[in-house]
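Every chain is numbered from 1, with letters handed out A, B, ... down the list of sequences.
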Protein chains: 2
Amino acid sequence: MYTIGQVSEMFGLPVSTLRYYDKEGLFPNLKRTSGIRKFGDKELETIRVIECLKKSGLEIKDIKQFMVWCEEGSATYQKRRELFLRQKVHMEAELMRMNRVLDMIRYKCWYYEQAITDGNENRVRAMQPADMPVEIREAYENAHREDEYPQS
Amino acid sequence: MYTIGQVSEMFGLPVSTLRYYDKEGLFPNLKRTSGIRKFGDKELETIRVIECLKKSGLEIKDIKQFMVWCEEGSATYQKRRELFLRQKVHMEAELMRMNRVLDMIRYKCWYYEQAITDGNENRVRAMQPADMPVEIREAYENAHREDEYPQS
DNA sequence: GCTTGACCTAAAGTCAGGTTTAGGATATAT
DNA sequence: ATATATCCTAAACCTGACTTTAGGTCAAGC
């Protein structure tokens, strides 16, 4: 059993954040001894799941919903599985989007490298994809693709 | 030359957002005819760069700083390149982090699939990594690795 | 010449996800 | 027993990135 301060240290999360999560109902049956929170292994795993779901784009209130489902036992396995399946699809799309962003950044790194050696942007600005080094051309084309625009 | 409404359509961004970006100085010399904004090709490319830098984790005020550098010409090539190099490092770390999150999600999908077929979590909760299918074990171990905790 | 739709501004409002503050209770070391 | 560190709550505050509102201008079609 750990105090809030120890858990804060372990996960690198501010104490205030852990208290905020608790207030939002993210630790459904966290124990206390004379008012002081006692975090057990179950709560540590809960924190890992919170971090995961948060990074996957879920809001606090949806994470709370998940924790409520966990309390409801086997009747909600299906709902919980569907939640993770939705987040899986979401994350896979997100990763592809991030790769495009990274390709734009790679192109821009190269662009400014060229501008620095030339002393101006004239040559590099006018350059067609066909004349770029193959790696850069691929990055450029991936980044500038105009397929369906995201409705995010 | 396009009006704000046309640009809004093209990029799927609300008109209010484009005006907000302009107010924040993200279009340093956007032209106007009798008060009405006229977006040219330069501004369209600027929007692409804004989207890219935003998705790479930069704040509006930092994007503005970048636009100011662009106005300053060749004297700031080095600064601009360094910005993109920093964002490249940042995004590469971000992508690794996202892959770990995705592995946690993959594990949880499998976990609930097992729980559903068993009717309870007993077996799957007690299962050691060594007894998991190899793909799931790899995902589980990647997701539960406790190397240096990020100071994000 | 008048209506309609798209444009404009400044300022206030919104929302998520915390953080800070103020005032107190509790536990540990000396 | 007393100092000091850590814990507690409720409520106010903060930040970034927009969005909404209120009130007005402008250009095109009828």
Side-chain angles (χ1 to χ4, degrees), chain A residues 1-27 29-40 43 46-47 49-67 87 90 94 97 101 150-152, chain B residues 1-27 29-40 43 46-67 87 90 94 97 101 149-152:
Chain A
M1 291 295 208
Y2 311 93
T3 68
I4 200 166
Q6 292 171 317
V7 176
S8 161
E9 276 287 289
M10 274 184 234
F11 286 89
L13 291 170
V15 166
S16 61
T17 300
L18 293 169
R19 288 208 265 252
Y20 165 68
Y21 288 168
D22 187 25
K23 204 175 57 178
E24 294 301 302
L26 265 42
F27 304 115
N29 40 26
L30 179 66
K31 296 294 177 296
R32 291 179 180 234
T33 58
S34 66
I36 288 170
R37 294 176 183 83
K38 294 289 160 188
F39 292 77
E43 280 71 35
T46 297
I47 293 170
V49 173
I50 291 168
E51 297 270 273
C52 167
L53 290 176
K54 225 164 44 102
K55 286 171 189 164
S56 87
L58 235 54
E59 295 180 7
I60 298 294
K61 65 175 186 303
D62 300 320
I63 300 179
K64 185 205 164 138
Q65 174 62 266
F66 174 74
M67 296 307 168
Q87 290 317 104
H90 179 74
E94 197 74 358
R97 213 196 52 156
V101 170
Q151 50 273 44
S152 76
Chain B
M1 290 295 207
Y2 311 93
T3 68
I4 201 166
Q6 292 170 318
V7 177
S8 161
E9 277 288 289
M10 273 184 236
F11 286 90
L13 290 170
V15 166
S16 60
T17 302
L18 293 168
R19 287 208 267 251
Y20 165 68
Y21 288 168
D22 186 25
K23 204 174 58 180
E24 294 300 302
L26 265 40
F27 304 116
N29 41 25
L30 179 67
K31 295 295 177 298
R32 291 181 181 233
T33 59
S34 65
I36 290 171
R37 293 175 183 85
K38 294 290 159 185
F39 292 78
E43 279 73 34
T46 298
I47 293 171
R48 259 171 236 118
V49 173
I50 291 169
E51 297 270 273
C52 167
L53 291 176
K54 225 164 45 103
K55 287 171 188 165
S56 87
L58 236 54
E59 294 179 9
I60 299 295
K61 66 176 186 303
D62 300 320
I63 300 179
K64 186 204 164 140
Q65 173 62 266
F66 174 75
M67 296 307 167
Q87 290 316 104
H90 179 74
E94 198 74 357
R97 211 196 54 156
V101 169
Y149 247 98
Q151 51 272 43
S152 75

Would you mind reading off the distance between [X] atom [atom1] and [N] atom [atom2], rounded to a whole angstrom?
X       : N      : atom1 : atom2 : answer
B/Lys38 : D/dA27 : NZ    : C1'   : 10 Å
B/Asp22 : C/dA10 : CG    : C1'   : 14 Å
B/Glu24 : C/dA10 : CD    : C1'   : 14 Å
A/Met1  : D/dC7  : CE    : C1'   : 17 Å
B/Leu18 : C/dA6  : CG    : C1'   : 14 Å
B/Asp62 : D/dA17 : CG    : P     : 9 Å
A/Gln6  : D/dC7  : CD    : C1'   : 12 Å
B/Glu51 : D/dA17 : CD    : C1'   : 13 Å

> Under the ring pair (Phe, Tyr, Trp, His ring centres under 6.0 Å) test, which residues partner A/Phe27, sequence neighbours left out?
Replying inline: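 So A/Phe27 forms a ring pair (Phe, Tyr, Trp, His ring centres under 6.0 Å) with A/Phe39.
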
> Which residues satisfy the ring pair (Phe, Tyr, Trp, His ring centres under 6.0 Å) test with B/Tyr21, sequence neighbours excluded?
Replying inline: none

>> My understanding is that only residues two or more places apart in sequence, or in another chain, count here; which of them pass side chain to side chain donor-acceptor pair (under 3.5 Å) with B/Gln87?
In response: B/Ser56

>> Classify B/Arg37 by what it touches in the nucleic acid, base, sugar-phosphate, or nothing, heavy-atom distance under 4.0 Å.
In response: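 If one applies the 4.0 Å heavy-atom cut-off, B/Arg37 turns out to touch the sugar-phosphate alone, with no base involved.
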
> Taking protein heavy atoms under 4.0 Å as touching, what does nucleotides 11-30 of chain C look like 5' to 3' if B marks base contact, S marks sugar-phosphate-only contact and - marks none?
Replying inline: ------BBBB------S---

> salt bridge (Lys or Arg N to Asp or Glu O under 4.0 Å) with B/Asp22: which residues, sequence neighbours excluded?
Replying inline: B/Arg32, B/Arg37

>> Going by salt bridge (Lys or Arg N to Asp or Glu O under 4.0 Å), name the residues that satisfy it together with B/Glu59, two or more places apart in sequence or in a different chain.
In response: B/Lys61

> Quick one: is C/dT9 close enough that its OP1 or OP2 comes under 4.0 Å of any side-chain N or O from B/Arg32?
Replying inline: yes

> Between A/Met10, A/Glu43, A/Lys38, which is the residue that forms a side chain to side chain contact (heavy atoms under 4.5 Å, CB included) with A/Tyr2?
Replying inline: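 Of all the options given, the one that passes is A/Met10.
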
